[in-house]
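See below for the structure under consideration.
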Amino acid sequence: MKLLVDSSSSLLLSLLLAQLPLFTSAVPAPYRRPNVVHELDRLANQTKNLRQITADLLKEHAFETDPEQHRFKSLPLMNNRASDINSLEMRPTLSQLHADLKSFEHHFAWLSRASRKHHHPALPKLGQMMSLIKSLTSMLEHQMMRVDAQRLSPPSPSMPPPPPSQFDVLQSSQELLLQFRLFCDWAQRVFSVLSTKSKMSAVQ
């Protein structure tokens with residue numbers, strides 16, 4: 001009788017051990033809070049890459065003409081002051097950067113169509129830059145969802161009439177690129193400052 005009891009106990013123990021992986025796999029993985037700092041650093045690096053491509057385009061011979069200013073009436077106003085950067089708050093700042101970036105995206109789409117029509121030599125690099133802008137926009141929207149930042153709904157930008165010649169395309173290109181470089185300078189610093197502030201709040 002004792003042998004039967006021992007055998008039954010061993011069989012039951014074996015069955016329980018066999019089911020153990022199923023029980024452990026059914027337990028949900030612990031929720032991991034998204035790493036806000038890591039995402040802000042990625043945004044800063046992506047913006048840095050965009051700024052470098054913009055600078056490369058401005059250095060090329062095709063963009064060495066002095067631009068006729070104010071062709072674009074609806075470009076974001078880049079009148080930010082360095083002294084304001086440390087007082088910026090995460091949510092409204094991300095919302096405004098997103099609205100500005102979407103505006104630039106519309107303007108570069110206009111420039112891409114004009115460049116295609118006039119066979120602009122910088123079209124391949126312009127296409128690369130537009131892909132990076134879309135990628136940055138997607139990354140920024142993902143971060144905005146994480147911190148519950150509101151999406152602004154600015155009016156659609158009004159574009160100038162189609163440029164009649166390649167020279168006009170060059171003029172428009174340089175004005176747009178100069179403004180976008182200012183945006184990238186500001187956005188890269190903002191993402192870095194927000195990342196630093198997030199690190200400091202995490203250790204407090």
Side-chain angles (χ1 to χ4, degrees), residues 28-55 57 69-113 126-160 172 175-204:
Y31 173 73
R32 293 184 179 181
R33 185 181 178 185
N35 192 335
V36 175
V37 172
H38 174 68
E39 293 302 317
L40 288 169
D41 289 341
R42 286 183 61 209
L43 286 165
N45 288 333
Q46 182 82 327
T47 309
K48 181 181 178 181
N49 293 337
L50 269 170
R51 190 214 178 278
Q52 185 58 55
I53 293 178
T54 306
L57 281 166
Q69 297 294 329
H70 309 304
R71 288 171 180 250
F72 299 99
K73 306 299 183 184
S74 54
L75 277 175
L77 296 175
M78 304 312 301
N79 54 1
N80 305 293
R81 296 178 302 177
S83 58
D84 297 335
I85 199 166
N86 289 319
S87 61
L88 296 176
E89 296 181 5
M90 175 84 74
R91 291 173 182 170
T93 302
L94 294 184
S95 297
Q96 188 58 57
L97 287 175
H98 178 263
D100 291 345
L101 191 59
K102 292 296 289 183
S103 177
F104 277 110
E105 192 175 337
H106 285 299
H107 283 83
F108 277 113
W110 175 92
L111 179 60
S112 178
R113 291 190 295 271
L126 184 61
Q128 178 190 359
M129 188 171 71
M130 290 181 65
S131 295
L132 285 175
I133 290 174
K134 288 184 180 295
S135 175
L136 178 62
T137 303
S138 178
M139 291 167 58
L140 181 52
E141 289 172 352
H142 189 58
Q143 181 67 9
M144 289 169 65
M145 289 178 61
R146 286 182 168 181
V147 300
D148 198 25
Q150 181 182 3
R151 279 201 201 188
L152 305 180
S153 301
S156 298
S158 58
M159 300 300 175
S172 300
E175 181 184 354
L176 182 51
L177 288 166
L178 286 169
Q179 284 295 104
F180 189 62
R181 185 173 62 179
L182 290 176
F183 169 80
C184 289
D185 283 339
W186 174 251
Q188 182 185 347
R189 286 198 293 169
V190 167
F191 290 138
S192 297
V193 168
L194 291 177
S195 173
T196 301
K197 291 172 73 173
S198 297
K199 289 175 188 174
M200 293 174 63
S201 64
V203 298
Q204 288 177 352

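Every value quoted in this text rests on a predicted model; they were computed, and no experiment measured them.
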Under the ring pair (Phe, Tyr, Trp, His ring centres under 6.0 Å) test, residues paired with W110 that sit two or more places apart: F72

Could you measure the distance from the NZ atom of K102 to the OG atom of S153? Nearest 0.5 Å is fine. 11.5 Å

Who are the side-chain hydrogen bond (donor to acceptor under 3.5 Å, both in side chains) partners of Q46, not counting sequence neighbours? S135

Residues two or more places apart in sequence or in another chain: which of them pass side-chain contact (heavy atoms from CB on, under 4.5 Å) with P92? E89

Report yes if some heavy atom in the side chain of D41 is under 4.5 Å from a heavy atom in the side chain of K199; otherwise report no. yes

Please find the pair of heavy atoms, one from M130 and one from A109, that lie closest to each other, and give the distance. CE-CA, 3.7 Å

Approximate separation, where rounding is to 0.5 Å, of C184 SG and L177 CG: 10.0 Å

Heavy atoms of M90 and L40 approach each other most closely as CE-CD1, 3.8 Å

Heavy atoms, side chains only, cut-off 4.5 Å: are L94 and V190 in contact? no

If you round to the nearest 0.5 Å, how far is CZ of R181 from CD1 of I53? 14.0 Å

Short side-chain to backbone donor-acceptor contact, S95 and R151, under 3.5 Å: no

Would you say the side chain of S195 lies within less than 4.5 Å of the side chain of K197, judging by non-hydrogen atoms? no

Side-chain H-bond candidate by donor/acceptor type, S74 with H106, under 3.5 Å: no

Residues, nucleotides or ligands: over 12 heavy atoms within 6.0 Å of M145 CE: no

Between D185 and R51, is the closest basic N to carboxylate O distance under 4.0 Å? yes

Flag, side chain of S138 to backbone of K134, donor-acceptor distance under 3.5 Å: no

What's the separation between atom CZ in R81 and atom CH2 in W186, rounded to the nearest 0.5 Å? 9.5 Å

Report yes or no: does S131 contribute a side-chain atom to a donor-acceptor pair with the main-chain N or O of G127 at less than 3.5 Å? yes

For a 4.5 angstrom cut-off between non-hydrogen side-chain atoms, does L50 reach F104? no

Can you measure from CG (L43) to CD (Q143) and round to the nearest 0.5 angstrom? 6.0 Å

Heavy-atom pair with the smallest gap, counting every atom of L152 and Q96: CD1-OE1, 3.7 Å

Given N35, V37, V193, the one that forms side chain to side chain contact (heavy atoms under 4.5 Å, CB included) with S198: V37

Quick one, M139 and H142 - any side-chain contact, counting heavy atoms below 4.5 Å? no

Straight-line distance of M78 CE to L178 CG, nearest 0.5 Å: 12.5 Å

Please identify each residue that fulfils ring pair (Phe, Tyr, Trp, His ring centres under 6.0 Å) with F108, with sequence neighbours left out. F180

Less than 3.5 Å apart, any donor N or O on the side chain of E141 or H98 sitting next to an acceptor on the other? yes

Here the pair of heavy atoms bringing T47 nearest to A187 is CG2-CB, 3.9 Å

I'd like to check the side-chain hydrogen bond (donor to acceptor under 3.5 Å, both in side chains) partners of Q188; sequence neighbours left out, ordered by chain and number. none

What pair of heavy atoms forms the shortest contact from L75 to L176, and how long is it? CD2-CD1, 3.5 Å

Does the side chain of M129 reach to within under 4.5 Å of the side chain of N49, using non-hydrogen atoms? no

Sequence neighbours excluded, the answer for side-chain hydrogen bond (donor to acceptor under 3.5 Å, both in side chains) partners of N80 is none

